[in-house]
Student: 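Sharing a structure here in structure tokens format.
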Amino acid sequence: WDEPIIFEQSRPGQRGIAVPGPGAPAVELPDSVRRAAPPALPEMSQLHVLRHYVRLSQESLGVDLNVDVGQGTCTMKYSPKVNDSFARAVAELHPLQHPDTLQGVLEIYWRLERMLAEISGMARVSLQPGSGSAAIYANIAMIRAYHAARGEEHRDQVITTMFSHPSNAACAKTAGYEVITLMPDADGYPDIKALRAAVGPRTAALLITNPEDTGIFNPRIAEFVELVHQAGGLACYDQANANGILGITRARDAGFDLCHFNLHKTFSTPHACGGPAAGACGVSEALAEFLPGPVVAEQDGRFSLVTPPRSIGKIRPFLGVTPNVVRAYAWIMTLGAEGLRQVAETAALNNNYLMHKVLQIPGASAPWDRRRIEQVRYSWQELSEETGVHSEEIGVRAADFGVHYWTSHHPYLVPEPFTLEPTESYSKEDLDEYAAILAHVASEARTDPELVKGAPYNSPIHKIDPTPLDDPRQWAPTWRAYVRKHLA
Amino acid sequence: WDEPIIFEQSRPGQRGIAVPGPGAPAVELPDSVRRAAPPALPEMSQLHVLRHYVRLSQESLGVDLNVDVGQGTCTMKYSPKVNDSFARAVAELHPLQHPDTLQGVLEIYWRLERMLAEISGMARVSLQPGSGSAAIYANIAMIRAYHAARGEEHRDQVITTMFSHPSNAACAKTAGYEVITLMPDADGYPDIKALRAAVGPRTAALLITNPEDTGIFNPRIAEFVELVHQAGGLACYDQANANGILGITRARDAGFDLCHFNLHKTFSTPHACGGPAAGACGVSEALAEFLPGPVVAEQDGRFSLVTPPRSIGKIRPFLGVTPNVVRAYAWIMTLGAEGLRQVAETAALNNNYLMHKVLQIPGASAPWDRRRIEQVRYSWQELSEETGVHSEEIGVRAADFGVHYWTSHHPYLVPEPFTLEPTESYSKEDLDEYAAILAHVASEARTDPELVKGAPYNSPIHKIDPTPLDDPRQWAPTWRAYVRKHLA
Amino acid sequence: MTHPYIPNAEPGVRAEMLAAIGAARVEDFYADIPPELRLDRPLDLPEPFVAEHDLVRHMRSLLGRDTGTEEALSFLGHGCYPHHVPAVCDEVNSRGEFLTAYAGEPYEDHGRFQALFEYVSMMGELLEMDVVNVPTYDGFQAAGTALRMACRHTGRAKVLVSGAVAADKLSKLRDFLAPDIEIVAAPVGPGGEMGEVVLDDTFAAIYLETPNVYGVVETRGRELAELAHAHGALLVVSADPISLGVLAPPAAYGADIACGDIQSLGVHQNHGGGQAGYIATHDDEPLVAQFPSRLFGIAPTTVPGEYGFGDVFYERTSFALREEGKEWVGTAAALWGITAGVYLALMGPQGMREVGETILARTRYAMDALAGAGLRVLHDGAVHFREFAVEVDDAAALLDRLRAQGIYGGVPLDDRTILVCVTERHSIADIDRLAAAVASARRADDEGGRR
Amino acid sequence: MTHPYIPNAEPGVRAEMLAAIGAARVEDFYADIPPELRLDRPLDLPEPFVAEHDLVRHMRSLLGRDTGTEEALSFLGHGCYPHHVPAVCDEVNSRGEFLTAYAGEPYEDHGRFQALFEYVSMMGELLEMDVVNVPTYDGFQAAGTALRMACRHTGRAKVLVSGAVAADKLSKLRDFLAPDIEIVAAPVGPGGEMGEVVLDDTFAAIYLETPNVYGVVETRGRELAELAHAHGALLVVSADPISLGVLAPPAAYGADIACGDIQSLGVHQNHGGGQAGYIATHDDEPLVAQFPSRLFGIAPTTVPGEYGFGDVFYERTSFALREEGKEWVGTAAALWGITAGVYLALMGPQGMREVGETILARTRYAMDALAGAGLRVLHDGAVHFREFAVEVDDAAALLDRLRAQGIYGGVPLDDRTILVCVTERHSIADIDRLAAAVASARRADDEGGRR
């Protein structure tokens, strides 16, 4: 489709929907609050609005359509359609209804909390955060409250690793912490010597992912936790990459005090173009009193809301992103313990199989010769040096074949990176096809690098010139800005 | 997408859904009824089934996606999404529930029946038929029962016109009638002299569309009806083309005894790739006792089911295609009398505007210089004679630009035909765009006829060789036939 | 206000278009309609709910007066069945592309053609037959057309129809086979199967259903096929496809035409709007020539290895030949065909076997449970699939009592007979609940009787 | 049995893949996990419902214990609002392409970029501002970030926050602005608007809401903007976009940052899961630099006239700079942004004006009706949009009485104050029903009191 910007389709007098009339006397507004001129929104009939968005939807690739293994670290697994039907069933619930009228969702919250506690080994779980990053932030806020409650406000440093998600560093900074980032050692593990040097009386917490975004599991993770504990800090586990270790190993068993899951990665809720998502914070008994409130309590089969005594307060409005809580609950309930373990094992199997295939492509490598769990950060450094084609260009060319391939991995510690995470959802044939696309593009890079650099050829649009996006005189973050700067 | 046949994606051991186990002792089947070998259905995971069909859906063009004016006579109007939500609300109703538990749908049937009676001028309406053709058949069955009840079984002929839908002729033939088809006269109207010659003591009924599929309204329609009545026959109005005359003129007012509507054309229910649809039969008081049963009766605000005394019986199972009855009811209820008239007038306006544009394209013509209501059967005869490009080829080439263009108009009384019906749903810009596509392809036909003949270029597949489809040794109406004949 | 569904009703654009055409008023387009046929008043229709929300409120208040089978515990079947509908079926058939498509060519609608071709192909595997139609309206129509096909094929005008057929279906057959085809009813044997029948060479077909209206699985298919064939007639068998993961397909015992309804394959009950009919035969040209429906087939394209699709043997149809075609063809129930295809692909051979086994076992469990509750179960010795009949003193009274407890106990076949339907959706607990409610209703009746 | 969600758990393919890799067992991949960290037992989770239908039954039985706002008559708002959701909004946001997409590039996800660019562009028209973010989590987060933006922009660490803010939102702000930013609460004036405030040059911003927590429309925006600007501070205004068809957008009276929640624009209440936050500013580079969220902009392609899309000023973000970025960015609420875009496109300028007028009129009608029923309506002299507070003797008791009649009467702000919400979804009859129920509950109380 060559679909114009929606404003270009506006025709005066058209409308997409009619609104109930007041049925009561009109209210006269004082000038100070009355809108002077109507907003220049598009005017279109209903079919035309629908057609526009249906066409745009067809110009987007979701899990439903492609072999979505190329958005590494994002765990693009199948989000079952039946769970969407359960999510729709809560569409017309209001969050502040009396709990007597909400026993169903409250029970689901309570059950999912118990299940995630079992999966992580933690004592209590909050399902309030609206995403993984928000859960990281909530964990940091609890860490802050914990130390404050003990009079240890002087702990103003958090330690993280370079291959933990940037939100660990960024959320900690937002919460007022100084951030110390451990680089990988020569083996690709977080550098334990650097940790030893970093911990001390100012240490509030360690924020760490494991396996990291490289797919490498740090076997000395318990030792890391122990070092931080000895210094009086807390250990907080970013479990965004939990998909390969469900039922295999648990956060609490390695000594962690806090952890979080992304329901939209590990527990199958849909990514929805980037949210709504949902995060879960798990904490040990010692931190339970700091959880964001309210949480669901159960007594004699009745469910009610209580706020923990020293709650950090609200992370977001209301109880949580209920449609996703419902979906995640249903997903676990159709798999059970045995199913979750199959998820993990198959995610690891798929990843190792795909790695086996990718590493057969000349020019592709996986830095550090370590085992991988559920994903791998690869490098085209060799191919790039040989052909001058960059990883990003390979990604755009791969899109011509109907797949994603994501390269945003700042900072580019791994040169010419790409990260693949096949999850448990894809078949052997899917992985073969994805590897074949990469092999094909890599071979194009050798035989006809300009072809690859000129991509895309199979997109609604052609190669983008990004320079205006970083130039304040030219950038156009809205249509009105574009009209003003470029069409006036 | 280059999507393989689903059987090619089968992998042993996979499954798309799990089934509840028996939970009770198994039943042993005797050999005579036990299936010997499992059916060779595809074995696929759920995501893979979903992905396959989502891709196929993207390779189909619905009203939601295109300027769907090229499937003339099919009235491809906007089917409002909100009405789908009402249709979903009846998904889990069983048709044989006690009427006390079905008061809502029964009331909707009753109300829609009353509204269609008002729109057509008829006394009673049945909503049982599953489509327009089924409604035609039901009308013929009522005609047969009517004559039989009067001891006039000797009436064994029905009269129809060449530009009435083929189902009028075909259904009459199926019901045992001899079919007499009136050809258009030099003015494009059904030939009244031929009608005079045809009517007589053997005449059971006239089955006629008006406006016909040419878009021409027969101004002497009342005279046609009168002639048939004088001969003792009934007059039955095929109102498949009613979209341009809603609120303008009514079947009963022209003297008709029976008529039918297609809810999926005039009343916006979706075409659904070719059904489920729904038809409505309207009849005069004299024929009401023959209606298919049951119909809904109302007393003191309670609704029940009754079967008319001399009912022809069942046309299809149960009461009707309820999801579409609900949709059609909701559609009328959001428009009202004034809205329906706007529908009609706008359908006529759009059609005349598009005709104005199309007739400006050199080589296009609209046989018979008559006014048109809601559609036009055009001809490329001139263009075809000049360039050797046929209407069907123009249609395939037009599809490259993302629109439909339908040419199945047997018999080809109008040479090199195409039929456009813009309905009320499309904007002026849509019609301009469609006309521009036709003009572009027509000009291609002149400058580069081979280009047009070689189309499609923008389809998932290339030009089809249809010969095997008519050759019993080669045809493959199923995959198993294909495997046997072509892959074995 | 310009209605959201009618863009060109907007006065400005309307005037612009009229000007372009050179017409003064929209009335001009209607000049051919004589004044005496013109409606000189607005239609007398209810005030509309133009605002979508007002319409929603209105519809919700109407539809809220229904109590469906998800709120009540329903054992209603009799042609419309409460099987589980996989969410993926709904996802696919509610995709706007499929829902609003119609009659495009095999290029821009390649996906529609492929989806329907795959549907008929999967049905072909289930039925072990090579030719399956794009769905007709429903199982009634499929049966009617199958019998007309048999008559056209044999040149005869008499059919022997199983007596174990629903009354409504028989009504449809009588209407649809009139005026030229005679229906002879076969007796029902004491076990609930088709009884002894006599055939002669004037019959075009024997028509059998399995499971039949009583849920009884017919075991004498092969014998009847041989009888039919011995007289130059065809065996037409109506079989519910959801049974065919465990039951032998009609072709396996010699049927010439299989037919039936596919509502059981992933389509909601829809208050009876979910029906769709299949008809299948072997790849036998003279019989294939009798199909009125569209048949989709694979065709090569200019690119080797690529699959295109198209109509097989189009010249049979009324689209091509008007009254000289076979019966008629038109919009019927294609979307349910696509849906049934999705269902079969999800289920695969394993799922179809399992669902059949579950239904067989639970049907038997329910028969035993209701017998235990004191009802007489008809044809108890036969194999039942999904349905069985029970005899009671007063069907309406018992059903009323059950309904008061939120149970739709079954479909009354007559004053004393109730047809009970059990599928994989009914848990053992559901069946036990029915049996307990029946037992308690009978106790209440007994007590009422004693008073 | 191979689970339908895990194709490669099938033993055959698993063995084949292991062989290809050269691994003996899946265990090999976990060799880096030390034995003492390995869970030596299965997880203790409930028995699963593997069959989809069993899962559906389980979920339905749980969810059936809720009584939602379509069954009851709800006047609950307080941050989550029952506006009409056009069916087209649901149709678009349930399209699998959007629902399951995430972070593709602007080529294969061109449609996602365009839909979000169009959303921010339509919000820009409504707000009369040139820069609008891809949605953050919710209005709480938007307010917190807007205030942090103001602090970063001014280099100050103190903000004046309207006292007419929801308690939960204040809790969020306290948490989110900790530890470095001080919150000073402004008084609420007797009319329900922000009261008199004193500012000095240490303040980064004044934070105002309109309509505020009491539904009161603030009328002194321009004055507060001038006050803020006079002290080198910014005016941050949280405004519900659904009011902006009739109410002046914050930019019109001098606000520097607008923020709020877009749940009102075509998103269901979703038990509070439908929230999404917007933040908007003028196209002022230093302020734009403070956005943590993604900003999408138009970019040219190699083909003249073609529109591509991409991230504006990506180097602000934590994706690019980790802790040196502005706050953080990640998955938030993009789908609700697309949905709000669909809503605004459907409504257009006319619809937005009309819905605002309807809400204004019905809110006033409800205030008068409840006053007529004997309740004291707070801030009765102010202009109210959608919400107002009433004072009662015992909020919980009254709400319990109403709930027993199927009415969710409002949100208790404290023991004696109830916040009532009225939208275009509430008919006049609904409001009358509430007033009648309130009046009757009060009569019952009076009688109870007399006894």
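Just so it is clear, the model here is predicted, and its values are computed rather than measured. Every chain is numbered from 1, with letters handed out A, B, ... down the list of sequences.
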Student: Report the option among B/Pro80, B/Cys273, B/Ala18 that has the most heavy-atom pairs separated by less than 4.5 Å from atoms of chain C.
Tutor: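 Looking at each option in turn, the highest pair count goes to B/Cys273.
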Student: Relative to chain C, which segment of B/Pro460 carries a heavy atom at a distance below 4.5 Å: side chain, backbone, both, or neither?
Tutor: both
Student: Could you look at B/Pro30 and say if it's the side chain, the backbone, both or neither that has a heavy atom under 4.5 Å from chain C?
Tutor: side chain
Student: At a heavy-atom distance under 4.5 Å, which candidate from C/Lys169, C/Arg174, C/Met347, C/Glu36 has the highest pair count against chain B?
Tutor: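 Ranked by contacts with chain B, first place is C/Met347.
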Student: Measure B/Phe7 against the heavy atoms of chain C and call it side chain, backbone, both or neither at under 4.5 Å.
Tutor: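 B/Phe7 touches chain C through side-chain heavy atoms alone.
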Student: Can you tell if the side chain of C/Ile6 reaches within under 4.5 Å of the side chain of B/Val343, non-hydrogen atoms only?
Tutor: yes
Student: By side chain to side chain contact (heavy atoms under 4.5 Å, CB included), which residues pair with C/Ala23, not counting sequence neighbours?
Tutor: C/Leu18, C/Ile21, C/Asp28, C/Phe29
Student: Is it the backbone or the side chain of C/Val288 that comes under 4.5 Å from a heavy atom of chain B, or both, or neither?
Tutor: side chain
Student: Within the structure provided, determine whether C/Trp328 and B/Pro166 are in side-chain contact (heavy-atom separation under 4.5 Å).
Tutor: no
Student: Please name the pair of heavy atoms, one in B/Ile6 and one in C/Glu118, separated by the smallest distance, quoted to 0.1 Å.
Tutor: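 Residues B/Ile6 and C/Glu118, closest heavy atoms: N-OE2, 2.9 Å.
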Student: What part of C/Met122 gets within 4.5 angstrom of chain B, counting heavy atoms only: side chain, backbone, both, or neither?
Tutor: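 For C/Met122, the contact with chain B is made by backbone and side chain together.
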Student: Is chain C contacted by the side chain of B/His404, its backbone, both, or neither, given a heavy-atom distance below 4.5 Å?
Tutor: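 For B/His404, the contact with chain C is made by backbone and side chain together.
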Student: Output the option from B/Pro270, B/Gly21, B/Gly320, B/Pro95 having the highest count of non-hydrogen pairs under 4.5 Å with chain C.
Tutor: B/Pro95
Student: Heavy-atom cut-off 4.5 Å, strictly under: side chain, backbone, both or neither for B/Ser85 against chain C?
Tutor: neither
Student: Would you say C/Ser74 and C/Thr69 are linked by a side-chain donor-acceptor pair, where the criterion is simply a distance under 3.5 Å?
Tutor: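 Result is no, nothing qualifies.
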Student: Specify which of B/Leu102, B/Leu65, B/Asp470 makes the most heavy-atom pairs with chain C at under 4.5 Å.
Tutor: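 Option with the greatest count: B/Leu102.
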Student: With a 4.5 angstrom heavy-atom cut-off, which part of B/Val321 approaches chain C: side chain, backbone, both or neither?
Tutor: both
Student: Would you say that C/Gln275 contacts C/Trp336 through its side chain, given a criterion of any heavy-atom pair below 4.5 Å between the two side chains?
Tutor: no
Student: Name the region of C/Leu399, side chain, backbone, both or neither, that has any atom closer than 4.5 Å to a heavy atom of chain B.
Tutor: neither
Student: Side chain, backbone, both or neither: which part of B/Leu319 has an atom under 4.5 Å from a heavy atom of chain C?
Tutor: side chain
Student: Given a strict heavy-atom distance threshold of 4.5 Å, which part of B/Met115 is in contact with chain C: side chain, backbone, both, or neither?
Tutor: both
Student: Chain C heavy atoms under 4.5 Å from B/Ile5: which part of the residue, side chain, backbone, both or neither?
Tutor: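 Its backbone and side chain both get close to chain C.
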Student: Given that the side chain runs from C-beta out, which part of C/Arg112 has a heavy atom under 4.5 Å from chain B: side chain, backbone, both or neither?
Tutor: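 For C/Arg112, the contact with chain B is made by backbone and side chain together.
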Student: So, are C/Asp283 and B/Arg480 salt-bridged, with charged N and O less than 4.0 Å apart?
Tutor: no
Student: Which atoms of B/Ala36 are under 4.5 Å from chain C, going by heavy atoms: the side chain, the backbone, both sets, or neither?
Tutor: neither
Student: Counting only non-hydrogen atoms closer than 4.5 Å, does C/Val312 touch chain B with its backbone (N, CA, C, O), its side chain (CB onward), both, or neither?
Tutor: both
Student: For C/Ala115, is it the side chain, the backbone, both or neither that has a heavy atom under 4.5 Å from a heavy atom of chain B?
Tutor: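 For C/Ala115, backbone and side chain are both near chain B.
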Student: Kindly give the heavy-atom pair with the smallest separation between C/Glu125 and B/Arg35, and that separation in Å.
Tutor: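 Heavy atoms of C/Glu125 and B/Arg35 come nearest at O-NH2, 3.2 Å.
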Student: What part of C/Val246 gets within 4.5 angstrom of chain B, counting heavy atoms only: side chain, backbone, both, or neither?
Tutor: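 C/Val246 touches chain B through backbone and side-chain heavy atoms alike.
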Student: Counting heavy-atom pairs under 4.5 Å to chain B, which of C/Leu37, C/Val131, C/Val217, C/Val355 comes out on top?
Tutor: C/Leu37
Student: Side chain from CB out, backbone as N, CA, C, O: work out which of these in B/Val326 comes under 4.5 Å of a heavy atom of chain C, or both, or neither.
Tutor: both
Student: Using a 4.5 angstrom heavy-atom cutoff, name the option from C/Gly273, C/Gly68, C/Gly297, C/Ala333 with the most pairs to chain B.
Tutor: C/Ala333
Student: Give the ring-plane orientation class for B/Trp479 versus C/Phe117, where under 30° counts as parallel, over 60° as perpendicular and anything between as tilted.
Tutor: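 B/Trp479 vs C/Phe117 ring planes: perpendicular.
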Student: Does B/Ile216 reach the side chain of B/Arg372, with side-chain heavy atoms less than 4.5 Å apart?
Tutor: yes
Student: Side chain from CB out, backbone as N, CA, C, O: work out which of these in C/Val26 comes under 4.5 Å of a heavy atom of chain B, or both, or neither.
Tutor: side chain
Student: Find out whether B/Leu335 and C/Pro48 are in side-chain contact, i.e. whether some heavy atom of one side chain is under 4.5 Å from a heavy atom of the other.
Tutor: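 Counting from C-beta outward, B/Leu335 and C/Pro48 never come under 4.5 Å.
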Student: Does any donor atom in the side chain of C/Tyr102 or C/Thr331 lie under 3.5 Å from an acceptor atom in the other side chain?
Tutor: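 Yes, a side-chain donor-acceptor pair sits under 3.5 Å.
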Student: Are the charged groups of C/Lys172 and C/Asp138 less than 4.0 angstrom apart, N to O?
Tutor: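 Looking at C/Lys172 and C/Asp138, the cut-off is not met.
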Student: Is the shortest distance from a Lys or Arg side-chain nitrogen in B/Arg250 or B/Glu118 to a carboxylate oxygen in the other one below 4.0 Å?
Tutor: yes
Student: Look at C/Asp130 together with B/Arg484 and state whether they make a salt bridge at an N to O cut-off of under 4.0 Å.
Tutor: yes
Student: Of the listed residues (B/Pro38, B/Ala26, B/Ser32), which shares the most heavy-atom pairs with chain C below a 4.5 Å separation?
Tutor: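 If we count pairs closer than 4.5 Å to chain C, B/Ser32 comes out on top.
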Student: Quick one: what part of B/Arg341 sits under 4.5 Å from any heavy atom of chain C, side chain, backbone, both or neither?
Tutor: side chain
Student: Under a 4.5 Å heavy-atom cutoff, which of B/Ala277, B/Ala254, B/Gly62 has the most pairs with chain C?
Tutor: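 Highest number of pairs under 4.5 Å: B/Gly62.
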Student: For a salt bridge (Lys or Arg N to Asp or Glu O under 4.0 Å) check, start with the C-alpha distance between C/Glu424 and C/Arg362, then their side-chain angles and the critical distance, and finish with the verdict.
Tutor: CA-CA 8 Å; C/Glu424 80 286 3; C/Arg362 292 192 183 174; over 6 Å; no
Student: Could you look at B/Tyr353 and say if it's the side chain, the backbone, both or neither that has a heavy atom under 4.5 Å from chain C?
Tutor: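 Both backbone and side chain.
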Student: Are C/Tyr307 and B/Tyr482 an aromatic pair by the rule of ring centers under 6.0 Å?
Tutor: yes
Student: After noting the C-alpha distance and the side-chain angles of B/Gln342 and C/His3, does the key distance pass the side chain to side chain donor-acceptor pair (under 3.5 Å) rule?
Tutor: CA-CA 9 Å; B/Gln342 279 191 16; C/His3 198 285; over 6 Å; no
Student: Quick check on C/Arg220 against chain B: is it the side chain, the backbone, both or neither that has a heavy atom closer than 4.5 Å?
Tutor: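 Neither part.
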Student: For chain B, which of C/Glu91, C/Gln114, C/Arg38 has the most heavy-atom pairs under 4.5 Å?
Tutor: C/Gln114
Student: About how many Å separate OG1 of B/Thr346 and CE of C/Met17, when rounded to the nearest 0.5 Å?
Tutor: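 Here the interatomic distance stands at 8.5 Å.
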Student: Can you tell which part of B/Ile108 gets under 4.5 Å to a heavy atom of chain C, answering side chain, backbone, both or neither?
Tutor: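 When you check distances to chain C, only side chain atoms of B/Ile108 fall under 4.5 Å.
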Student: Taking every heavy-atom pair that is under 4.5 Å apart, which of B/Pro323, B/Ala337, B/Ala175, B/Gly274 has the most such pairs with chain C?
Tutor: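 Going by pairs under 4.5 Å, I would pick B/Gly274.
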Student: Below 4.5 Å, heavy-atom pairs only: which of C/Gly325, C/Pro86, C/Pro42, C/Pro46 has the largest tally toward chain B?
Tutor: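 Greatest number of close heavy-atom pairs with chain B: C/Pro46.
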Student: Heavy-atom pairs under 4.5 Å with chain B are the metric here; pick the option from C/Phe313, C/Tyr365, C/Tyr5 that has the most.
Tutor: C/Tyr5
Student: Mind checking whether C/Val383 and C/Thr219 have side chains closer than 4.5 Å, heavy atoms only?
Tutor: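 No, too far: nothing below the 4.5 Å cut-off.
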